[in-house]
Amino acid sequence: VVTWNAILSAYARHGHAAKAIALHNSMPEWSVVTSTVVLTAYSQEGRINDAELLFHRMPTSDVVSTTAMLSAYAQSGHILKAKRLFERMPEWNLVSWNVMLAAHTQSFHSLEAKSLFKSMPVVDLVSWNVILNGSSLEEARQVFEVMPERNIVSWNTLLSSFAQHGHLEEAKQIFSAMPEHDLRAWNSILSGSANFENFREILRLFGAMPARDLISWTVLLAANFQNGFVDRATKILERMEQRDLVAWSVMLAGLAHSGYFHRAIETFHSIKTTSTPDETCFVLALLACGHAGRVYDGVRCFVSMSLDFKTRPSKHHYTCVVDMLGRAGHLEDAHDLVSSMPFAPD
RNA sequence: GCCGAUCUUGGCG
């Protein structure tokens with residue numbers, strides 16, 4: 001079991017949560033550790049219901065598995081469930097406290113986070129990093145100064161706060177002051193520049209990077225679209241050695257944003273041949289169909305979501321289709337869809 | 001003694 005678990009967690013840790021989930025069925029024996037790894041994998045895949053089901057079916061649970069469930073709730077935005085579980089836990093440790101802390105900052109409840117932080121029996125560097133991450137720009141500087149120690153995560157957190165808000169001068173100062181630069185740091189600066197600086201600067205940074213990963217390439221792809229270089233962007237995507245759904249949706253969004261609705265729809269069809277589109281891809285495809293006036297394709301896409309891909313259409317998807325039908329003058333169909341959808345119309 | 005949970009980078013909203 002120990003060996004199997006090690007393999008499972010190796011998959012999960014390298015971003016292959018789906019493989020870990022698939023693999024665990026063929027294991028001869030299970031332990032709490034197995035369930036915890038799979039629970040975390042479900043959470044990474046956004047399958048919160050499966051995580052919950054697994055958790056409730058576990059023959060035994062301990063602090064670690066309960067904390068994993070807590071984290072799954074927190075990451076999926078179920079803060080109330082997280083709170084309830086936290087209160088019912090038989091024992092707490094530093095990690096479970098940190099998870100609750102992060103649950104609050106991720107929901108922007110910074111006051112609650114602060115009071116929780118103050119009430120914690122012990123705090124460590126992770127707790128400080130969570131607080132740093134939940135701080136406003138002005139506070140972040142102070143928190144960073146006051147922290148008893150800092151690591152690369154602290155530096156990256158500070159850096160990305162400034163970079164994401166367009167304070168690039170300060171971000172660059174922080175970058176130069178950092179003891180070391182990992183890919184995350186480079187990517188933070190790159191994406192900050194992509195959103196707030198001119199295109200030459202992005203190219204310069206991209207060229208200056210000691211290494212590039214899928215995220216770096218995706219940022220470059222998006223930057224090309226933002227600057228109107230549609231053909232360059234297309235070539236970049238073709239030459240990327242890996243493409244995930246984020247890269248594909250940047251492509252879809254970029255094409256649609258530039259008015260190439262038909263090319264976006266073609267792209268969507270080619271995505272389907274190699275991967276399972278996620279909710280964002282479907283939204284973008286439906287929007288493209290709507291703008292291109294391709295009602296038939298849009299409806300087919302919408303139907304195939306649940307039929308072929310087992311993806312439950314969200315309210316957002318319904319809105320796209322209703323909008324598409326409305327624009328095309330199919331008012332009755334639009335109305336029928338609104339009355340048949342499992343959401344309250346808004 | 002060995003395997004599992006928490007913090008930092010890219011897409012639509």
Side-chain angles (χ1 to χ4, degrees), chain A residues 1-10 12-13 20 30-41 43 55 61-72 74-75 93-103 105-106 123-134 150-161 163-164 178 181-192 194-195 212-223 225 243-254 256-257 277-288 314-317 319-320:
Chain A
V1 212
V2 173
T3 316
W4 277 98
N5 289 339
I7 297 170
L8 272 194
S9 73
R13 233 180 300 120
W30 284 45
S31 72
V32 210
V33 175
T34 317
S35 308
T36 309
V37 176
V38 176
L39 199 161
T40 307
S43 170
F55 182 68
S61 64
D62 58 10
V63 218
V64 177
S65 57
T66 310
T67 306
M69 189 65 238
L70 198 64
S71 172
Q75 281 170 355
N93 62 18
L94 187 50
V95 176
S96 36
W97 283 98
N98 283 339
V99 171
M100 269 323 283
L101 198 60
T105 61
Q106 280 155 18
V123 298
D124 66 357
L125 183 51
V126 172
S127 332
W128 277 103
N129 285 337
V130 173
I131 287 295
L132 179 67
N133 192 29
R150 300 154 196 94
N151 62 5
I152 181 94
V153 174
S154 331
W155 280 100
N156 284 342
T157 304
L158 187 71
L159 173 66
S160 85
S161 307
Q164 284 176 345
M178 290 171 70
H181 299 142
D182 63 3
L183 252 177
R184 287 183 136 102
W186 278 102
N187 286 336
S188 277
I189 281 276
L190 187 70
S191 96
N195 291 321
R212 297 158 196 98
D213 65 1
L214 179 56
I215 294 184
S216 330
W217 283 99
T218 307
V219 173
L220 184 71
L221 184 69
F225 276 120
R243 290 169 212 106
D244 64 1
L245 288 175
V246 176
W248 280 118
S249 40
V250 168
M251 189 69 200
L252 288 178
H257 183 80
D278 65 3
E279 294 198 359
T280 299
C281 290
F282 276 109
V283 168
L284 293 168
L286 291 172
L287 285 173
S314 71
K315 195 169 184 173
H316 202 158
H317 298 105
T319 309
C320 293

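Each chain gets a letter, A, B and so on, in the order its sequence line appears, and its residues count up from 1.
As rounded to whole Å, 11 Å separates atom C1' of B/A5 from atom CZ of A/F55. To the nearest angstrom, C1' of B/G13 lies 16 Å from NE2 of A/H257. Per the geometry, CG belonging to A/N195 stands 11 Å off C1' belonging to B/G11, to the nearest Å. The distance between atom CG of A/L214 and atom P of B/U9, rounded to the nearest whole Å, is 15 Å. Atom P of nucleotide B/G11 and atom CG of A/D244 are separated by 12 Å, given to the nearest angstrom. A straight line from CZ of A/R13 to P of B/U6 spans 11 Å, rounded to a whole angstrom. Distance CZ (A/F225) to P (B/C12): 12 Å, rounded to an integer number of Å. Atom CG in A/D278 sits roughly 14 Å away from atom P in B/G13 (whole-Å rounding).
Here the nucleotide nearest the side chain of A/D62, chosen from B/G4, B/C3, B/C12, is B/G4. The side chain of A/N93 lies closest to B/A5, out of B/G11, B/A5, B/U9. The side chain of A/S65 has B/G4 as its nearest neighbour among B/U6, B/G10, B/G4. The side chain of A/T218 sits closest to B/G10 out of B/G4, B/G11, B/G10. Nearest nucleotide to the A/T36 side chain, out of B/G4, B/U6, B/G11: B/G4. Nearest to the side chain of A/A102, among B/G11, B/U6, B/G10, sits B/U6. Out of B/C7, B/U9, B/C12, the shortest distance to the side chain of A/N133 is found at B/C7. Closest to the A/I215 side chain, of the nucleotides B/U9, B/C3, B/U6, is B/U9. Among B/C12, B/C3, B/U8, the nucleotide with an atom closest to any side-chain atom of A/V283 is B/C12. Closest to the side chain of A/V153, out of B/G11, B/U6, B/U8, is B/U8.
Stem regions for RNA chain B, meaning three or more consecutive Watson-Crick or G-U pairs with both distances under 3.5 Å, do not exist: the list is none.
Contact annotation for A/D182: no contact, since no heavy-atom pair falls under 4.0 Å across all strands. Residue-level contact check: A/V38 touches neither bases nor backbone, having no heavy atom under 4.0 Å from any strand. Contacts of A/L101 with the nucleic acid, taken as non-hydrogen atoms under 4.0 Å apart, are absent. Counting non-hydrogen atoms under 4.0 angstrom, A/T67 reaches a base of the nucleic acid. Using a 4.0 Å heavy-atom distance criterion, A/V2 is classed as a base contact. Within the nucleic acid shown, A/A12 has no heavy atom closer than 4.0 Å to any nucleic acid atom. The residue A/N151 sits apart from the nucleic acid: no heavy atom pair falls under 4.0 Å. Within the 4.0 angstrom heavy-atom criterion, base atoms lie near A/V64. Within the nucleic acid shown, A/Q164 comes within 4.0 Å of sugar-phosphate atoms alone, with no base atom in reach, counting heavy atoms only. A/S127 comes within contact range of no nucleotide atom at all, as no heavy-atom separation falls under 4.0 Å. Nucleic acid contact for A/V95: base, since at least one base atom lies under 4.0 Å from a heavy atom of the residue. Backbone-only contact: A/Q75 has heavy atoms under 4.0 Å from sugar-phosphate atoms and none from a base.
Annotation: side chain of A/F55 is in contact with side chain of A/T66 (closest heavy-atom distance under 4.5 Å). Contact of the A/F225 side chain with the A/H257 side chain is not registered, since no non-hydrogen atoms from C-beta on lie closer than 4.5 Å. A/V99 places none of its side-chain heavy atoms less than 4.5 Å from the side chain of A/S96. With contacts defined as side-chain heavy-atom distances shorter than 4.5 Å, the pair A/M178/A/N156 qualifies. A/T34 places none of its side-chain heavy atoms less than 4.5 Å from the side chain of A/W4.
Side-chain N/O atoms of A/N98 and A/S127 include a donor and acceptor closer than 3.5 Å.
Distance alone, capped at 3.5 Å, places no donor-acceptor pair between the A/N133 side chain and the A/N129 backbone. With A/H181 contributing its side chain and A/W186 its backbone, the two residues share no donor-acceptor pair below 3.5 Å. Using modelled atom types, one side-chain atom of A/S249 and one backbone atom of A/L245 make a donor-acceptor pair closer than 3.5 Å.
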